[in-house]
Asker: 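Take a look at the following structure, please.
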4 protein chains.
Amino acid sequence: MTTEYPRRSERSRSAILVATQDLIREQPYPKITIEGIAARAGVGKQTIYRWWRSKGAVVVDALATQNSTDDLLPLPDTGDLATDMRTVLRATVDEFTSPDVEPLFRALAIESLQDPALQRQVVDQIYRPQLAQVDVRFRSAQKQGQIRSDVDSAIAFELFVGPIFHRWMNGTFTLDYAHADTVVHLAMRALAP
Amino acid sequence: MTTEYPRRSERSRSAILVATQDLIREQPYPKITIEGIAARAGVGKQTIYRWWRSKGAVVVDALATQNSTDDLLPLPDTGDLATDMRTVLRATVDEFTSPDVEPLFRALAIESLQDPALQRQVVDQIYRPQLAQVDVRFRSAQKQGQIRSDVDSAIAFELFVGPIFHRWMNGTFTLDYAHADTVVHLAMRALAP
Amino acid sequence: MTTEYPRRSERSRSAILVATQDLIREQPYPKITIEGIAARAGVGKQTIYRWWRSKGAVVVDALATQNSTDDLLPLPDTGDLATDMRTVLRATVDEFTSPDVEPLFRALAIESLQDPALQRQVVDQIYRPQLAQVDVRFRSAQKQGQIRSDVDSAIAFELFVGPIFHRWMNGTFTLDYAHADTVVHLAMRALAP
Amino acid sequence: MTTEYPRRSERSRSAILVATQDLIREQPYPKITIEGIAARAGVGKQTIYRWWRSKGAVVVDALATQNSTDDLLPLPDTGDLATDMRTVLRATVDEFTSPDVEPLFRALAIESLQDPALQRQVVDQIYRPQLAQVDVRFRSAQKQGQIRSDVDSAIAFELFVGPIFHRWMNGTFTLDYAHADTVVHLAMRALAP
DNA sequence: GACTAACCGAGACGGTACGTCCTGTCTTGTC
DNA sequence: GACAAGACAGGACGTACCGTCTCGGTTAGTC
């Protein structure tokens, strides 16, 4: 029965995260400031600095909060990996397309490119858990002979996600379900036994 | 054949680009400032603002300049696409690993994530020309029956580059030749006729 | 009896005023900058802009501060107006001659010539109080029949101060006690009953 | 038959002076810049720097030019000094009141307070000639027994001009003919034999 | 009548200071 | 002791001018 943050105001904490999410959605990222977040949240600046190391840390928390509520990637298991990956990549396309979520991802990318510590945090808190789930699903598919057994889960996952991610980050071409399906189709061929 | 910048000082222009490249290599990107670049280049701030819209625009130019001198991606054609793509992806790994080039890519990514106009510029000036070359190589491979004909060059290219790019940007796993070879191997399977 | 500036740092305030006085004495006025004052005072620029509207406003405050400490013009009353005015004008000559005070007056003149609001402030905070004292002394002299009663105090005072001031501002001729005495002598003749 | 400025463009010279006068009248003095003058005169900056040492020097020239056309102070001689000085001081009040001339005087004062060399120039080119004329008039009045003979012309002149000048520069009270007449009346009493 | 030097407009250049904005720390008084 | 509020030292921003420096294009006076 530990009280981790004895007297931390939950009211302030969530106000800050909500304000951050809202601001990131409303305006270009370079315009977002700690002062702006504090003002929007009706909070003193010090309250932010007391609990987070930097603006990036707040952004990570803001995204983590949102994703935990949305229960990120339940990773379906219909028995057919292609079908499941189609579902997953389509959801990813939805996120990269949504005006609600995409700006948060963008903010996260910007911050983690600038701060190695933050990047590690993002990988540990967001990417690894996701990969762990995927790993489970891939092993089950391997057992069923749907994909080869000599390919690492991480690489296999990147084969699906990499092309989508590249397209999003560079804004080279449109992201839609058709594209997601094509990528799944090709990746499945690559992994075919 | 008009003089595009009637009286622009070439001396200043190149001093600014070199200073930018040097600074990006020497210190974390968030510490780089226009004032710092101006001071390092021995140039007035106004001279930067006169010819570039933002720090990001200078960074794009700095990278473009370096790449044009290095003559980016000669795209080999040995007759075997797998061999050629292995060469290309290994070179890409080299760049993402080099302390000389990687920081520039990182800076470019940060800036283009923050400024849509800049992103478009990066795509047009850096990505598209590269893709055009790749397209030619892929078509020739298609004619020789090395890969399927019903896959778009852009998607095919992303299949190779996407996984590498994802790994670099998120810093999830190490980037080396072995990994590049694996990706090529898998992508070639995906594209096999 | 409220606290007018709730949390203003007295340390910064006086450091700024002292730095301003020092700088004005040390170098020609056009070389004095807000940045220079801030640096000398060990203060952020914003702290100056927070409490003063312009460099001129700081200068006015700097002079006012100095004069209030020096207790400007005690205005003697020996019973003989000529004697007293001689004392006053000699003191004025001292100020216009002193390397410590003259530069401040000069700075003040420059600023108030450029900014009507500042000029009003100078008149209200510096000139009027001085004139009020003089007015009292003149009335007492009038009761004693030393000067005419039909001359306004303001005009009478200008008769003494004007010639000195004109000579100082235009740098036409030397300022010394002999000159001050001559002016007093003539002005007293002008005001004789 | 010397050509003082062999190839100087009279067109540019007068355009610069006119532009300076116009700008000084149209806007607060601190807003006036060399670049602004050059642009208004349709002239290159270098043309200004070629012929004048500073903005102040241009201002002096601009005023001198205007005053020479207006034929500054013809100094009347009706035989009665009081009458003549009344005329002169009323004209001075007119100048200190005129929206056409006052701003130039103000500009001149600002500049000469900041630059000793300029101040000397103003005294030599503008004040001394004026004083010379006054000296002649005073001597003639002395001969006629209208004023004392033991008072220096310079001091006598300051007795008239000082109070007016002080009032103008400090903006303490209104300047009008009545005031000018009062000053003349008092100064004449001071100088009476 | 062609030559040639200085002057001209234009404006880029290396700088300096401006006044604003934000950072991360600190201080004050409230709950 | 956490909190809202906000002053503080510091530092970068993007802008405005400074005074110097080319750049071509007149424009006089000379040969």
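Note on naming: letters A, B, ... go to the chains in the order of the sequence lines (proteins, then strands), and numbering restarts at 1 for each one. Excluded from the calculations below are hydrogen atoms, water molecules and symmetry mates; all remaining heavy atoms, backbone and side chain alike, are included.
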Asker: Check nucleotides 27-31 of chain E against the protein and report each pair of N or O atoms closer than 3.5 Å, with its distance, or say if there are none.
Answerer:
| unit_1 | atom_1 | unit_2 | atom_2 | d |
| --- | --- | --- | --- | --- |
| E:dT28 | O2 | C:Arg7 | NH2 | 2.0 |

Asker: Taking all non-hydrogen atoms of both residues, which atom of D:Thr47 and which atom of D:Ser12 are closest, and how far apart?
Answerer: CG2-CB, 4.2 Å
Asker: Starting at atom NZ of C:Lys31, determine the distance to atom C1' of E:dC18, rounded to an integer number of angstrom.
Answerer: 18 Å
Asker: Please state whether the phosphate of E:dG9, meaning OP1 or OP2, lies under 4.0 angstrom from any side-chain nitrogen or oxygen of D:Thr47.
Answerer: yes
Asker: Could you state the OH-P distance from D:Tyr49 to F:dC17, rounded to the nearest angstrom?
Answerer: 12 Å
Asker: Is it true that a side-chain atom of A:Gln114 and a backbone atom of B:Pro30 form a donor plus acceptor pair closer than 3.5 Å?
Answerer: no
Asker: Quick one: are B:Trp51 and B:Arg8 in side-chain contact, heavy atoms under 4.5 Å?
Answerer: yes
Asker: Looking only at non-hydrogen atoms, find the nearest pair between C:Gly171 and D:Val123 and report the distance.
Answerer: O-CG2, 4.5 Å
Asker: Would you call C:Arg53-C:Asp115 a salt bridge at under 4.0 Å N-O?
Answerer: yes
Asker: What residues in residues 34-45 of chain B put a non-hydrogen atom under 4.0 Å from any atom of DNA chain F?
Answerer: B:Ile34, B:Glu35, B:Lys45
Asker: Minimum heavy-atom separation for B:Arg106 to A:Ser112, with atom names?
Answerer: NH1-O, 4.3 Å
Asker: List in numerical order all residues of residues 17-28 of chain B for which some heavy atom is under 4.0 Å away from an atom belonging to DNA chain F.
Answerer: none
Asker: Round to the nearest Å and state the distance from D:Trp52 atom CH2 to E:dC7 atom P.
Answerer: 13 Å
Asker: Compare every heavy atom of B:Leu113 with every heavy atom of A:Ala109, then report the nearest pair and how far apart it is.
Answerer: CB-CD1, 3.7 Å
Asker: Less than 4.0 angstrom between a side-chain N/O of B:Trp51 and OP1 or OP2 of E:dC13, yes or no?
Answerer: yes
Asker: Measuring from B:Thr65:OG1 to B:Leu17:CG, what's the distance to the nearest 0.5 Å?
Answerer: 4.5 Å
Asker: Rounded to the Å, how far apart are B:Arg50 CZ and F:dC21 P?
Answerer: 17 Å
Asker: Please step through side chain to side chain contact (heavy atoms under 4.5 Å, CB included) for the pair C:Thr20 and C:Lys55, ending with a clear verdict.
Answerer: CA-CA 9 Å; C:Thr20 303; C:Lys55 188 174 62 174; over 6 Å; no
Asker: To the nearest angstrom, how far is D:Ile48 atom CD1 from E:dC7 atom C1'?
Answerer: 15 Å
Asker: Just how far, in rounded Å, is P of E:dA12 from CD1 of B:Ile16?
Answerer: 14 Å
Asker: Check whether B:Arg40 reaches the backbone of B:Ala19 with its side chain - one donor and one acceptor, N or O, closer than 3.5 Å.
Answerer: no
Asker: How far apart are the closest heavy atoms of A:Gln119 and B:Asn170, and which atoms are they?
Answerer: NE2-C, 3.5 Å
Asker: Starting at the 5' end of DNA chain F and moving along, which residue's nearest nucleotide shows up first, C:Ser12 or B:Ser54?
Answerer: C:Ser12
Asker: If I take atom CD in residue B:Glu10 and atom P in nucleotide F:dT22, what distance separates them, rounded to the nearest angstrom?
Answerer: 17 Å
Asker: Please report, rounded to the nearest Å, how far the P atom of F:dG29 is from the CZ atom of D:Arg8.
Answerer: 15 Å
